[in-house]
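Here the structure is laid out as structure tokens; the discussion comes afterwards.
Order of the sequence lines fixes the chain letters, A, B, ..., with proteins taken first and strands second; residue numbering starts at 1 for each chain. Note that the structure is a prediction, hence the values are computed from the model and not measured.
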Protein chains: 2
Amino acid sequence: MAIDGETTQTQAAAPENNNNINENAPNNYKVTVVGSGNWGSVAAKLIASNTLKLYFFHDEVRMWVFEETLANGAKLSEVINQTNENVKYLPGVKLGKNVVADPDLEHAVRDANMLVFVTPHQFMEGICKRLIGKIKNDAEAISLIKGMEVKMEGPCVISTLISEQLGINCCVLMGANIANEIAVEKFSEATVGYRGNKEIADRWVQLFNHPYFMVSAVQDVEGVELCGTLKNVVAIAAGFVDGLEMGNNTKAAIMRIGLREMRAFSKLLFSSVEDSTFFESCGVADIITTCLGGRNRKCAEAFARHGGKRTFDELEAEMLQGQKLQGVSTAKEVYEVLRHRGWLELFPLFSTVHEICSGHLPPSAIVEYSEHTPKFSLVQGSAQFY
Amino acid sequence: MAIDGETTQTQAAAPENNNNINENAPNNYKVTVVGSGNWGSVAAKLIASNTLKLYFFHDEVRMWVFEETLANGAKLSEVINQTNENVKYLPGVKLGKNVVADPDLEHAVRDANMLVFVTPHQFMEGICKRLIGKIKNDAEAISLIKGMEVKMEGPCVISTLISEQLGINCCVLMGANIANEIAVEKFSEATVGYRGNKEIADRWVQLFNHPYFMVSAVQDVEGVELCGTLKNVVAIAAGFVDGLEMGNNTKAAIMRIGLREMRAFSKLLFSSVEDSTFFESCGVADIITTCLGGRNRKCAEAFARHGGKRTFDELEAEMLQGQKLQGVSTAKEVYEVLRHRGWLELFPLFSTVHEICSGHLPPSAIVEYSEHTPKFSLVQGSAQFY
């Protein structure tokens, strides 16, 4: 706590989105960040700066570190605590002295009533299993994890996984958030999606918000979370356009159609999804960031330049040093859902991306909607989607 | 007419967005394009290809040419009719043999019942005056003119100018439409904004639509038309971000905030404006095209690189060969409206763009919203705007 009196407290407690929270006893909220990769470390830095400023947050921020032994033989968690830096995943950036790395998952979460999940999505099921019965009853969660799986019966939303496994409420935070740019405090925005309790959403906003990281909340967990996954399919399409050198009109059109299909698909899966969510940072802004930079766009550009003659697997191996492309697998998963539900013709962009990735259509098919147009118009004309 | 029998007629008359138009007598609609610059010539090419295919349009498309004498002494209109090419404003592209250039404005519009206006906006008032009493009673108009003026009492919308001066209905067509890219048939989209009559809107869609130029219609003339003007202010902001080398997160955030202010400003001026319009090509896609390329973005980038030490007038003169930047003057006009109505604090991006352009703030102010945030939240929290 960085307070010394009533006046200072009031000032400190009046951040941008204050909404008359009345549970703001000093030190009321203890935060643990579950995850310490690139984005997790940046999240810890954002949070740690705010817990010092706002009296109702406990100063210390625990960060669970999946322990690794570094090349010099030292333990990652110990180096973080000595240097105040995640030397492996966010070198050169001080996290804040009040960030405490903890390699013991159960110990790290034991006292926390605000849990921030930011691990690779494939680890979450295992982490949840380990945490059952080990967290506080009044804990609240937020997921920063992008890229849940889209299964035949619908997407496996991480926030729902957390809620169901741990029996707690779970918000999400998504947006146009390249971690390294936020780490050096370049201006950006993010969106918190919440389910019902605005007070809790506002607390998450207070925890993350900075003048250079503007956070706003919308009551639409699924809409916000689906944006984070589906954008990668659109980025593949945008990469094809880049590789074909189609120009800015075409790229803008493809990004727009992609955003529309994200919106329609999300609304078909969850009737609660709001159109307005797609105007938020998690929607239009994240589409822009991901389609301008990003590895999905980059590999798709190379794929189109090679006329589809080299596979994504080859290009991934060559260009991404072992990282995998989420867009290609998400496109396949989305395609399965569309086929299963008879919606293929309603989503020409999503389905074409998969058909190109799997070698059934040439990259140039990404702009050949003419034969799809009558079916496409069904979507345009349907109040159900729009 | 390119038809030879009932079957062919039916096929030709069933384009994508057909909506049971029942006034489709052969040759019913005669089209004149008023304007023959770069975009006007491309529009004539798009239209001329469709009038040949669809039997209810008269084949011939008149194009009014503001007569010029070329360097070799020839008249522009005569060269267009001889070569079928606008050698000055769209060299290398055949317009279609059924395009007839006509330097006589009154003669060009005399028989037309579909008037396509596509001139520089400052000429429209004079053109309207000349056309009073000279057009057919049943004429319909569409404006492709971007960049109407925003006056203190509100924007001077070109479609309203045409409607009021000529006593006819006027739609608009806007979108992510770099003319030269459409001329070479690269895929793009556009949006028709109409006031009430869906049948008329569908006819405009039929006139412009191609597999490589997908047009859809929304019932929101003002929303569509304001997009075409306000995007230039956002492009200035995006250019500042480029010049400051702030990265993709920041650029995406600024584009998103710009789109939001476009939406809020349009809705405050015209309560009929729909949120959904900003998801169309005229909205999000045109923002993307304009903020990726475009002269407003480019000059603003140079302005920021020079730390605001060289004026926009200097940079324009140096970089644009006599063309003027619409964004800078529109930002000033918008600022005057905001100040006049007491809305400055609700639009931090719009007002900051003008304050930077006029030298009252440094370019870096474009991302310094922290002090504006509480006011900004008013916009976020108000159902009136969002």
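Heavy atoms of I178(A) lying under 4.5 Å from chain B belong to its backbone as well as its side chain. Proximity to chain B (any heavy atom under 4.5 Å) is shown, for F278(A), by both the backbone and the side chain. M246(A) touches chain B through backbone and side chain together, each having a heavy atom under 4.5 Å away. Interface residue L259(B): only side-chain heavy atoms are found under 4.5 Å from chain A.
Interface remark: of the candidates C291(B), G294(B), G283(B), A176(B), A176(B) forms the most heavy-atom pairs closer than 4.5 Å to chain A. Top candidate by heavy-atom pairs under 4.5 Å with chain A, chosen from G175(B), A253(B), G293(B), is A253(B).
One finds the OG atom of S188(A) at 11.5 Å from the CG atom of N248(B) (value rounded to the nearest 0.5 Å). A distance of 11.5 Å separates CZ of R260(B) from OG of S276(A), quoted to the nearest 0.5 Å. Considering OG1 of T250(B) and CD of E181(A), their distance stands at 6.0 Å, rounded to 0.5 Å.
Here salt bridge (charged side-chain N to carboxylate O under 4.0 Å, His left out) pairs that include residues 237-254 of chain B, with residues two or more places apart or in two chains, are D242(B)-K251(B), D242(B)-R297(B), E245(B)-R305(B).
Partners of F213(A) under the ring pair (Phe, Tyr, Trp, His ring centres under 6.0 Å) rule, at least two apart in sequence or in another chain, do not exist in this structure.
I254(B) is listed as a side-chain neighbour of F187(A), based on a closest heavy-atom distance under 4.5 Å. Side-chain contact between M214(A) and I257(B) is absent, with no heavy-atom pair separated by less than 4.5 Å.
Across V284(B), I288(B), I287(B), a single residue satisfies side chain to side chain contact (heavy atoms under 4.5 Å, CB included) together with R256(A), and that is V284(B).
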